[in-house]
Amino acid sequence: MEEYTLKNKLKLGAVLGLFFVFTVFFYGPAGIYLSNADELKFGLGVVIKVALIVSVILFLLIVGFGLIVPKKLFLWYMLIFLGVALGFYVQGNYINYNYGVMDGSDIKWGDYTKYGLLNTAIWGICFIVPFIIYLIVRKKDKALINKIVMGICAFLIVIQIPAFISQAMSYKKKNTESLVITTNEMFDYAPDNNIIVFMLDGIDEKYYDDYLTRHPEYEPNLPGFVRYDNAMTGGARTMMGMPIFYSGKPYNRQDTYSAYIDEVYKGDNLLNKMYDAGYNVRVYSETLFYSNDTAKVVDNFEMVSDPVTSEYMLTRKLYKLSLFKFMPHFLKSRFWMDTSEFEAAMTRDNNYEFNDVKFYEEYTKRHINIDESLQKTFTVYHMKGTHRPFNMNRHCQEKGRTNRKEQMAGVFKIVKEMLDEMKQKGIYDSSTILITADHGDLDLCQHMICMLKESGSTDEFRISHAPVSSFDFPIYLASVAGQTMTNEYGTDMLSLAEDEKRTRYLFRNSSDNSQLVVRMYNTDSTADDVDAITQIEEFVDDGEKTPYELGTRLGFDAEDNGNTYATGGFANNHGFRTKLKGPISTLVIPFKEIPKKKITCHIAVHDRSEVVYGMKCVMKVNGTEVYSGEVSPEMVSKGINFEIDPSLFTDENLQIDFTFPEVDMKEMEKNIGDRTTTISIVSIVME
């Protein structure tokens, strides 16, 4: 038996440890990250940092353990270790089966028994190879096995390095700096000079009328308020309405939406005006509607350069994913995961969530606080309002699926309780309070709720028919702060007389087959007279159809690349997803290169889908059925996943049809907006 000195054990232990650690614990997670970087929010730097720390610790442990192994047993320890390490290397690099997209979908592991047996046999071969080599060489030179082990380890490390460098060179550095909206100072107000805006998403004036039939006591308890029952939004839906509220500047697709947002906040806008006037500015909303520049003036906005909040959690998830790649088949089920689990490493306790149930929980926990150190505050609460899906009841509790009436009752319960507490804390009378919506919901979404209480007003609640517009809001609110703002479509809303004739404008973001369009309307009539609203201009984003490359994410938000491939049955792009309408919705995607092997298609379904659960969904690719399932909460959470065989390609174009057999085919004769809404999708990835 070869005698192993401490020096030899240190040298062999180091090379064995380096091979194993580099393969599984450094290049493993780093390589997986580089292959999926587009889908992950964190950057390569944090992965390298975590992988280095873990690798160094494990390397030292392996070397240390090798030093304490008795000399007489070290040879067998070395051969066993090398055999196992070879198994991990071969598994991770050569014999991984495609189990589908890691979106949390269950795998029928029993279907892979034959593969599992073959996989186990390969592992067995890897394990015994070092022993076979030893049996061959020991008769010639017992010490030769040490050189062979070192040579194998060094060779397998070296051949992995170019692959790692190649992947790293193609990595596009992420701009990981992002805007975060926190719940900081959420209910803190000054003793005086507070401007408070409740932006209740999607609450139509007709919905509010309906609410009052069940709650006639609501308005008499709002002294000083004026309800403008003829209020008209300037932009619909939210992606149009929110920037107009702050700037009075509409979006006409002259550029990308993000470029428009940047432009809005570089020019005259309400946030800057309030900040310049010395107000403590807080906005509780969704980040889509704000540029990074707003973090300079909004107290509860933060720019985060590293989205990771828990490196411990990130490490756990990263190595769970890595070990799934390297483990033998029959152990993989223990490491199967949904890649969205990485979100757990990026959650922040103080993030504002567009969720009225969470809003109410936060309010009941904190309540209103009068901070004597604050001179004046400007606060905007962008709340879910009557935005679908309806999942809140009248008691502000989450109850799965409720309905609009229940949800609206809960919304107004929140507003009422906050206003009542303002009265108790003595700031109600002195505050300017606006209760409105970014847009309505019926017809062209033009008729919205609007109630205003000026500072110092204590009169009885009254109703005004003045033709106000949301283009007027930035002008009015800036004036309250002693600032001046103007825009092409707004005016001084307080100067408007009852039943005054005025031309008002509406910019509506729409889509036919997901072709992004902003339509400009005007009217001289009342906000509820939809027949009098006339389209006067149309701004179309034609989009550029670029050939698809495998792994590219096709998104369906306000400016993303997926919209250009829609040829039928797509409508109502709302800035974060697009709706499918009618029995058939079709995408035609030109491929840069026809795949040579099966590819997996993953379609993310939006959690705000207005779906009828139980509806059947059948997916066809170039006319061949590839998927059949039921629209359900599981589909919404896990998406639609199927494989596409290269034989389905007749040319470079791939036609994907979403078909819903239970929707009447006669709907294809209707205008797209009048067809049944089936599901909403966010993105498609094929790889």
Measuring from [X]:[atom1] to [Y]:[atom2], what's the distance to the nearest 0.5 Å?
{"X": "Leu200", "Y": "Met448", "atom1": "CG", "atom2": "CE", "value": "11.5 Å"}
{"X": "Thr484", "Y": "Asp268", "atom1": "OG1", "atom2": "CG", "value": "9.5 Å"}
{"X": "Met408", "Y": "Tyr211", "atom1": "CE", "atom2": "OH", "value": "8.0 Å"}
{"X": "Asn487", "Y": "Lys249", "atom1": "CG", "atom2": "NZ", "value": "10.5 Å"}
{"X": "Arg675", "Y": "Asp664", "atom1": "CZ", "atom2": "CG", "value": "12.0 Å"}
{"X": "Asp472", "Y": "Leu477", "atom1": "CG", "atom2": "CG", "value": "10.5 Å"}

Check against side-chain contact (heavy atoms from CB on, under 4.5 Å), Ile640 and Ile679:
CA-CA 11 Å; Ile640 300 171; Ile679 59 175; 4.1 Å; yes

One pair to check against salt bridge (Lys or Arg N to Asp or Glu O under 4.0 Å): Arg404 and Asp204. What are the steps and the verdict?
CA-CA 11 Å; Arg404 188 187 68 244; Asp204 198 283; over 6 Å; no

Test the Lys273-Phe378 pair against the cation-pi criterion, namely NZ or CZ under 6.0 angstrom from the six-membered ring centroid and within 45° of the ring axis.
no

Counting only N and O atoms by type, is there a donor-acceptor contact under 3.5 Å from the side chain of [X] to the main-chain atoms of [Y]?
{"X": "Ser431", "Y": "Ile433", "answer": "no"}
{"X": "Glu406", "Y": "Arg394", "answer": "yes"}
{"X": "Ser247", "Y": "Asn269", "answer": "no"}
{"X": "Gln483", "Y": "Asp276", "answer": "no"}
{"X": "Ser585", "Y": "Gly569", "answer": "yes"}
{"X": "Thr182", "Y": "Asn351", "answer": "no"}
{"X": "Thr233", "Y": "Gly235", "answer": "yes"}
{"X": "Ser457", "Y": "Gly224", "answer": "yes"}
{"X": "Asp531", "Y": "Asp529", "answer": "no"}
{"X": "Thr402", "Y": "Met392", "answer": "yes"}

Decide whether [X] and [Y] meet the rule of one side-chain donor and one side-chain acceptor closer than 3.5 Å.
{"X": "Thr586", "Y": "Asp657", "value": "yes"}
{"X": "Lys384", "Y": "Asn391", "value": "yes"}
{"X": "Tyr246", "Y": "Tyr265", "value": "no"}
{"X": "Asp438", "Y": "Thr238", "value": "yes"}
{"X": "Asp528", "Y": "Thr526", "value": "yes"}
{"X": "Asn230", "Y": "His447", "value": "no"}
{"X": "Ser285", "Y": "His382", "value": "yes"}

Are side-chain heavy atoms of [X] and [Y] found at a separation under 4.5 Å?
{"X": "Arg553", "Y": "Val682", "value": "yes"}
{"X": "Tyr251", "Y": "Glu263", "value": "no"}
{"X": "Tyr228", "Y": "Thr436", "value": "no"}
{"X": "Thr432", "Y": "Leu452", "value": "yes"}
{"X": "Tyr476", "Y": "Val468", "value": "no"}
{"X": "Met242", "Y": "Met199", "value": "yes"}
{"X": "Thr491", "Y": "Leu496", "value": "yes"}
{"X": "Asp356", "Y": "Val411", "value": "yes"}

Stepwise side-chain contact (heavy atoms from CB on, under 4.5 Å) test for Arg237 and Asn509:
CA-CA 7 Å; Arg237 290 187 169 258; Asn509 186 61; over 6 Å; no

Compute the ring centroids of Phe359 and Tyr381, then answer whether they are less than 6.0 Å apart.
yes

Are the ring centres of Tyr565 and Tyr548 closer than 6.0 Å?
no

Tyr208 vs Phe412 aromatic rings, parallel, tilted or perpendicular, using cut-offs 30° and 60°?
tilted

Determine the interplanar angle of the Tyr489 and Tyr505 rings, folded into 0 to 90°, and report it as parallel if under 30°, tilted if 30 to 60°, perpendicular if over 60°.
tilted

Non-hydrogen atoms of [X] and [Y] that approach each other most closely:
{"X": "Tyr428", "Y": "Leu419", "value": "CD1-O, 3.8 Å"}
{"X": "Leu271", "Y": "Tyr290", "value": "CD1-CD2, 4.3 Å"}
{"X": "Ala437", "Y": "Ile203", "value": "CB-O, 3.6 Å"}
{"X": "Leu587", "Y": "Phe658", "value": "CD1-CE1, 4.0 Å"}
{"X": "Met232", "Y": "Arg504", "value": "CB-NH1, 3.5 Å"}
{"X": "Glu205", "Y": "Cys450", "value": "OE1-N, 4.5 Å"}

Where do Phe471 and Phe507 land on the side-chain contact (heavy atoms from CB on, under 4.5 Å) test, with the steps shown first?
CA-CA 11 Å; Phe471 280 109; Phe507 289 78; 3.9 Å; yes

Between Arg227 and Asp209 (salt bridge meaning N to carboxylate O under 4.0 Å), is one present in this structure?
yes

Between Lys592 and Glu549, does any NZ, NE, NH1 or NH2 come within less than 4.0 Å of an OD or OE carboxylate oxygen?
yes

Please indicate whether [X] has more than 12 foreign heavy atoms, meaning atoms of other residues, nucleotides or ligands, lying under 6.0 Å from its [atom1].
{"X": "Lys376", "atom1": "NZ", "answer": "yes"}
{"X": "Glu498", "atom1": "CD", "answer": "yes"}
{"X": "Tyr275", "atom1": "OH", "answer": "no"}

For Leu222 and Lys453: C-alpha separation, side-chain torsions, deciding distance, then whether side-chain contact (heavy atoms from CB on, under 4.5 Å) applies.
CA-CA 9 Å; Leu222 299 176; Lys453 191 196 79 66; over 6 Å; no

So Asn300 and Tyr352, side chain to side chain donor-acceptor pair (under 3.5 Å) or not? Walk me through it.
CA-CA 9 Å; Asn300 66 303; Tyr352 179 74; over 6 Å; no

Test Phe354 against every option in Leu288, Thr287, Asp201 by the side-chain contact (heavy atoms from CB on, under 4.5 Å) rule and name the one that passes.
Asp201

